[in-house]
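Right, one structure below, let's go through it.
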Amino acid sequence: MVYSGRPHPAEPVRPTEQDEVAAAGSELIGGPAGKRIRPGTGWWTPVRIITLVMTGMFALGLVQKLPCYRSSWFHGPADQYTRACYSDIPHLYGARGFAEGLIPYFDRIPEELSRGMEYLEYPVLTGLFMEVAAWLTPGEVAGQRPEQIYWLVNAGLLLICALIIAVCVSRIHRNRPWDGLLVALSPAFALTATINWDLFAGALACAALLMWSRGRPLATGVLLGLATAAKLYPLLLLGPLLLLCWRAGRLRAFALTAAGATGAWLTVNLPVMLLATEGWAKFYTFSQERPVDFGSFWLVLAQRTDLHLPPETVNPLATGLVLLGCAAIGLLALAAPRRPRLAQLAFLVVAVFVLTNKVYSPQYVLWLIPLAVLARPRWRDFLIWQTCEVLYFLSIWMYLAQTSGAHGLPAGGYQLAIVLHLAGTLYLCTMVVRDVLRPEHDMVRRDGSDDPGGGVLDRAPDRFTLRRRPVPRTGLPDHRLVEPAPFHVKRARS
């Protein structure tokens, strides 16, 4: 299928001309963008502005953790929960042996440190990230605890990851650099950025998507393999790539990506797998043995019904739900009136994994934010979802405060927050599916684009679909895209 719409516009799309919420919000800073930030006309390019905004928002997230940095991390659990400033990073510095100089995966963690965790329960590349941060952490400096310095070192490294994510999102769709501003201004991003090390895998995954958008499948695969060596979820992105390459007849590009991903993952994992098998396997056994935990609908089900849901029962059920969701996404990819954009399917498949998983830690929202922006860069829907996520962020700490003996949120209130988080994510999934089935609603395609982040898939003809009436290789698709008038024109007409 060849889309014969207008070519890509010379100037970047401005959200204030398409999105009423963006237009209204721009009034807070003087109105829509002017000539000073057009590419090539001055220093204030969109990417540079987004980089500065991301740095500022990241700094605000660090300020939000300041009460814990000063004292709450070290004076019992309740205080860090009531102040909503918890982070795994300072606690795991001592609890996983980094303070003692233990080598992850090779050295067994003493019982008095680990509380039953014999080895580090993180993938190999994340373990290396944690170890490098430990190498950069000096002893006590100017009255600061080593845990505090370790958190600061990690915050600096994670800021680099955050900037990479924002820049990649700004550049994946060449004519939509301002979409990166949604990532930079995301409140959930700022609140959760330094809870754990998820930004590292997110930066690698976004860099992989950028390479794919530039038509470099082998580099895409290498980065995806490294991202999977840091966190498991980037592996899911290979599914949408396979489906879309199958539909477009670009399986050679997918084969290069899969080969690159396999090679990169093995390069990182194989030495540790062979030399420290038991320590390497801990991440995988821990994921299987982990019980139903915070944030999942399984927890709501268990608490509301008093059902006994051990891991051996939930694991196959959760896996079955993921496979069912992926099958539905596969049907959508091959039967949609136009080939979906890569970002749309990538968001849906990761969202299915998040919604059906037996645990949802607050920082998991970082997996979805860049994909959500690329899939549906509409400010209203993004802010609705972000509101749900921020409420969940506050609720889990208040619930943990209550379970720690302080005043907080009872179980019923926390269950409501879980349902709200699930509903917000499902709402965004619904809007993305609608865009796939009715492409005229897709913000990215309104200017005549096909898939500006699709690389070899962009404007490629279909080779295989499940549609009864295949779209001819020339001419417009069944659902013509009629470019709507810009928002400011609509307002003037009314």
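Note: hydrogens, waters and symmetry copies are ignored here, and every other heavy atom, side chains too, is used.
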Quick one: [atom1] on [X] to [atom2] on [Y], what's the gap to the nearest 0.5 Å?
{"X": "Q415", "Y": "Y399", "atom1": "CD", "atom2": "OH", "result": "7.5 Å"}
{"X": "I49", "Y": "L181", "atom1": "CD1", "atom2": "CG", "result": "8.5 Å"}
{"X": "L317", "Y": "L309", "atom1": "CG", "atom2": "CG", "result": "8.0 Å"}
{"X": "L371", "Y": "L348", "atom1": "CG", "atom2": "CG", "result": "10.0 Å"}
{"X": "L159", "Y": "N154", "atom1": "CG", "atom2": "CG", "result": "12.5 Å"}
{"X": "L366", "Y": "I195", "atom1": "CG", "atom2": "CD1", "result": "8.0 Å"}

Is any side-chain heavy atom of [X] less than 4.5 Å from a side-chain heavy atom of [Y]?
{"X": "P138", "Y": "I149", "value": "yes"}
{"X": "T313", "Y": "P310", "value": "yes"}
{"X": "L235", "Y": "W265", "value": "no"}
{"X": "F393", "Y": "H421", "value": "no"}
{"X": "L409", "Y": "W397", "value": "no"}
{"X": "E118", "Y": "E278", "value": "yes"}
{"X": "V444", "Y": "P452", "value": "yes"}
{"X": "I369", "Y": "V365", "value": "yes"}

Among [options], whose side-chain hydrogen bond (donor to acceptor under 3.5 Å, both in side chains) with [X] holds?
{"X": "Y69", "options": "Q144, E147, Q148", "answer": "Q144"}
{"X": "Q80", "options": "H75, K65, H91", "answer": "H91"}
{"X": "Y119", "options": "R108, R96, K282", "answer": "R108"}

Atom of [X], atom of [Y] and distance for their closest heavy-atom approach:
{"X": "G295", "Y": "I418", "value": "O-CG2, 3.5 Å"}
{"X": "A401", "Y": "T82", "value": "CB-CG2, 3.6 Å"}
{"X": "L62", "Y": "A155", "value": "CD2-CB, 3.9 Å"}
{"X": "G453", "Y": "H173", "value": "N-CD2, 3.5 Å"}
{"X": "G180", "Y": "S170", "value": "CA-OG, 3.4 Å"}
{"X": "G127", "Y": "L120", "value": "CA-CD2, 3.7 Å"}

Only one of W73, F98, Y93 forms a ring pair (Phe, Tyr, Trp, His ring centres under 6.0 Å) with W151, so which one is it?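 Passing option: W73.
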
Please determine which of W280, Y105, W197, F283 meets the ring pair (Phe, Tyr, Trp, His ring centres under 6.0 Å) test together with Y122.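 Option passing the ring pair (Phe, Tyr, Trp, His ring centres under 6.0 Å) with Y122: W197.
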
Report yes or no: is the cationic atom of R145 (NZ for Lys, CZ for Arg) under 6.0 Å from the centre of the six-membered ring of F74, at an angle within 45° of the ring normal?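 Judged by the rule (NZ or CZ under 6.0 Å from the ring centre, within 45° of its axis), R145 counts as positioned above F74.
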
Report yes or no: does [X] contribute a side-chain atom to a donor-acceptor pair with the main-chain N or O of [Y] at less than 3.5 Å?
{"X": "S186", "Y": "L182", "answer": "no"}
{"X": "R341", "Y": "L374", "answer": "yes"}
{"X": "T126", "Y": "A230", "answer": "yes"}

Between Y233 and Y364, is the ring centre distance below 6.0 Å?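 No, the ring of Y233 stays outside the 6.0 Å limit from the ring of Y364, centre to centre.
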
Near R434 CZ, under 6.0 Å, is it more than 12 heavy atoms from other residues, nucleotides or ligands?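 For R434, atom CZ is crowded (more than 12 foreign heavy atoms under 6.0 Å).
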
Tell me, with the steps shown, if D88 and Y86 meet side-chain hydrogen bond (donor to acceptor under 3.5 Å, both in side chains). CA-CA 7 Å; D88 288 327; Y86 173 84; 2.5 Å; yes

Check C168 against C206 for me: are their SG atoms closer than 2.5 Å?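 Looking at C168 and C206, their sulfur gamma atoms do not lie closer than 2.5 Å, so the answer is no.
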
Show your working on ring-ring contact (aromatic ring centres under 6.0 Å, His included) between F382 and W379 and close with a plain yes or no. CA-CA 5 Å; F382 185 78; W379 286 69; 7.6 Å; no

